[in-house]
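Worksheet for the structure shown next.
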Amino acid sequence: KSTQFFSVVSVALLCLVFCSQPTSLDAAPLCTNAEAGCHVLSLANLFDRVIQHSARMHGISNDLHSEFELYFLPSKNQIGRVSRNCHTSNILTPNGKENAQRMAREELTEVILKLLVAWRDPLWHFHQSMTHFHDFIDFSSNKSLKMSDMVHELRKGVQKVVEKMQMLGILSNSVSSLMSPEAFLASGSAEWRLMKDYELLYCFRRDSNKVQNYLKILKCRIVPEDGC
Amino acid sequence: MVCARMVKHLRLPLLLLLLALAAECNSMSKPGKPDKLGCRSPDKETFFCWWTPGSGGGLPTVHRLYYKTEGRETVRQCPDYHTAHSCFFSKTYTSIWVEYTVIVEASNALGNTSSDPLTFDLMDIVKPYAPENVTLVVSIGDNPHLTIQWHTPSNIDTKSGWVTLKNQLRIKLEKSKIWKNYTSDTQTHFTIYNIELGVVYMVEVRCAIDNSAWSEWTNTTFVKVPNFPRTDNSFWILVFSLSLIPLLVAMIILILKRKTVKKYILPPVPAPKIRGVDVQLLKSGRSEDVINAMLLNQRFPVVMPWKDQNEDYLIVSDKETSYLPLEKNKIFILPVAITLDSEVQSKETSEVDRFLKDSESSSEESSEKTKSSQLLTKCPSTNVLNDEKANQLKGVTEKIIQPFGISGYVDIPRHEHTQEADYSRVNEVNSDNILITKKENVPHTLDTQGQEGGVLDDYSRVKEVNSDNTVFLEKHSDSVNASIRAKGYIDWVNQKAKSPHVTGDSEMGVCPQLVGCGYVDTFPPPAVI
């Protein structure tokens with residue numbers, strides 16, 4: 001009798017555990033094509049993910065930059081520092097909070113995407129050039145590789161966010177024309193080859209910070225639920 | 001006196017000289033170089049710079065700050081010198097992700113001195129102010145914990161998402177030297193569990209914007225964690241101890257009176273009992289007593305004497321033999337044998353005499369008698385009789401008809417030399433368990449056999465008397481010494497054939513309960529039959 005009771009109780013408990021699961025699938029992976037039965041994330045969740053990703057990317061770029069500075073350029077405050085000629089300088093980016101807030105969503109999104117697109121190849125080449133530096137490899141070869149991967153991943157993530165926004169009608173469809181990196185690279189393709197490694201790192205550090213901030217501004221403007 | 005007067009006189013010129021020298025040293029020159037230029041943005045939207053002016057110059061100097069932004073070549077001056085030796089850049093003049101180059105120039109009438117330039121990007125100089133309004137709340141209960149709350153610096157805008165704050169707090173005991181750090185990302189509250197009671201804690205909080213530098217620590221906030229209120233504890237301790245006392249008392253009473261309690265709770269189960277039988281006696285194993293007890297308790301029907309019968313009870317005895325000077329009473333004890341009494345008494349004395357005469361004749365027989373009397377000793381009623389007989393009887397057997405309840409044996413005193421032996425044959429045993437003998441002459445053969453001496457005189461012990469008034473004698477022929485000769489016997493063996501009442505070879509029914517351990521002397525069966 002006791003065994004019967006025990007088995008009934010255990011079955012009931014198991015049912016409770018497993019029967020309640022379908023309602024709490026918050027951490028489902030992103031669906032590529034919104035197939036049937038796929039649990040779709042909310043826009044706020046998507047935004048949080050890309051923001052976290054961009055924060056990590058900026059963190060890595062910051063570390064790389066300071067390590068590079070420490071290793072290769074011990075005297076920090078050099079008068080006559082090379083002027084910052086980042087290859088992304090021709091992308092017009094808002095330089096303040098109000099400017100970013102005043103910018104239209106589509107424009108801001110475009111800026112983000114442009115930046116991300118612009119950095120994919122330079123970072124890859126940077127990683128390639130770093131492998132020749134044996135000393136630097138000991139320091140942070142993983143980071144340069146990771147950085148280039150992250151740019152790539154972040155771009156895809158932002159594209160997903162854009163698609164979602166367009167699906168929801170928040171964003172107009174004018175953004176899609178800038179998705180392809182070739183459209184951008186055609187104009188300023190050769191510049192980044194002239195940049196020195198240190199400058200490249202500095203520029204990317206700045207641009208990753210921009211991306212992070214723009215994404216945050218965008219999120220709090222479009223889905224101001226929590227965290228704003 | 002002369003010296004004092006001299007000093008007094010010289011005082012004024014000395015002073016003038018000193019002044020001239022001072023004027024010489026403090027020469028007017030270009031202003032000193034402003035130093036320690038620093039800039040800071042507390043909110044990522046504005047920033048300010050400060051410097052320390054260089055020493056001297058002697059002339060009134062003016063400090064100016066000039067800055068240049070990246071991409072623009074124009075040099076602009078500080079928009080707002082709102083405090084001395086600092087410059088504040090408002091939102092209008094602040095751009096992020098733009099490199100600023102700032103320089104301070106000190107100028108006086110003689111020239112300008114510039115400080116070293118400072119180049120920075122806004123995101124590098126972000127450093128917020130310390131958090132505000134740190135409050136500590138101690139909560140005691142089952143789970144004592146400390147809740148710390150604070151506010152973000154008032155100038156920071158977190159709503160637009162432009163600024164993401166993260167916080168850090170540190171706590172230590174007042175007497176300790178080591179701080180313990182905790183990070184709270186964007187929350188402006190924090191709870192610490194596992195706090196000690198009765199101590200003072202010190203708490204400080206700071207914050208940071210994105211990945212920038214940390215702010216300064218707030219001013220230390222102290223909090224004292226009170227002890228548990230002792231009154232509650234003591235109350236419950238009192239209640240507990242008071243409730244223990246009656247419990248202890250009850251326990252003591254129980255222990256002292258455990259036997260009565262045990263009786264009350266577990267009443268003794270009555271053991272099986274036979275009335276009149278003592279369990280201890282049974283245990284000790286004296287079977288005779290047990291049997292006696294059992295027998296005594298049984299009520300046998302009272303046997304009334306047959307008064308109707310005209311039977312003669314004879315005491316067969318040898319005239320020459322002497323009898324023991326027995327008391328009359330001892331022979332006839334039972335009221336049942338009243339008739340016996342009357343008849344026998346008359347012959348008693350003569351019998352006794354005869355017994356006495358024969359007492360010396362045979363010592364061997366006396367030993368046998370002692371044996372028999374010893375056997376008889378087990379019979380409770382004949383103790384006296386047996387003793388006397390043992391002492392004095394010699395070779396004389398006596399026929400005594402024993403009443404019931406007394407060990408009875410019938411001994412026929414036997415004449416040694418007689419050719420006539422008076423034998424009484426047991427005629428019958430009537431229902432009253434009386435052996436009725438009749439006088440008759442028995443051929444000598446029996447006697448001679450007994451006289452020959454080679455005869456094993458048989459004594460048969462009465463084994464039992466069964467309900468049919470049958471006397472069972474033990475059959476044995478070797479319990480008696482061969483040399484011992486008995487004098488008079490009842491020829492039980494012959495009776496066996498004649499009397500249907502007598503059963504068995506050397507068996508005679510005698511009620512063992514009443515007669516006790518009576519035995520009957522018998523001829524050795526093989527000689528007779």
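Just so it is clear, the structure is predicted and the values come from calculations on it, not from any experiment.
A distance of 2.5 Å separates NZ in A/Lys216 from OG1 in B/Thr164, rounded to the nearest 0.5 Å. Interatomic distance, NZ of A/Lys210 versus CD1 of B/Ile96, reported as 10.0 Å (0.5 Å rounding). Interatomic distance, NZ of B/Lys44 versus CG of A/Asn213, reported as 3.5 Å (0.5 Å rounding). Considering CH2 of B/Trp162 and CD of A/Glu98, their distance stands at 8.5 Å, rounded to 0.5 Å. Here the CG atom belonging to A/Asn62 is positioned 7.0 Å from the CE atom belonging to B/Met123, to the nearest 0.5 angstrom.
Environment of CG in B/Leu59: crowded, with over 12 heavy atoms of neighbouring residues, nucleotides or ligands closer than 6.0 Å. Environment of CG in B/Asn181: crowded, with over 12 heavy atoms of neighbouring residues, nucleotides or ligands closer than 6.0 Å. In the displayed structure, B/Tyr66 atom OH is contacted under 6.0 Å by more than 12 heavy atoms of other residues, nucleotides or ligands. In this structure, A/Trp124 places its CH2 atom where only 12 or fewer heavy-atom neighbours from other residues, nucleotides or ligands lie under 6.0 Å away.
Taking the six-membered ring for Trp, B/Trp97 and A/Tyr214 have ring centres closer than 6.0 Å.
Looking at every heavy atom in both residues, A/Cys220 comes nearest to B/Gly161 through SG-CA, 3.7 Å.
Ion pairing between A/Lys97 and B/Asp43 fails under the 4.0 Å rule for side-chain N and carboxylate O. Note on A/Arg205 versus B/Asp124: salt bridge recorded, some NZ/NE/NH1/NH2 to OD/OE distance being below 4.0 Å.
When heavy atoms are compared at a cutoff of 4.5 Å, A/Pro94 approaches chain B solely by way of its backbone atoms N, CA, C and O. Residue B/Ser160 touches chain A through both its backbone and its side chain, counting heavy-atom pairs closer than 4.5 Å.
The greatest number of non-hydrogen atom pairs below 4.5 Å with chain B, out of A/Ile51, A/Asn209, A/Leu218, is found for A/Asn209.
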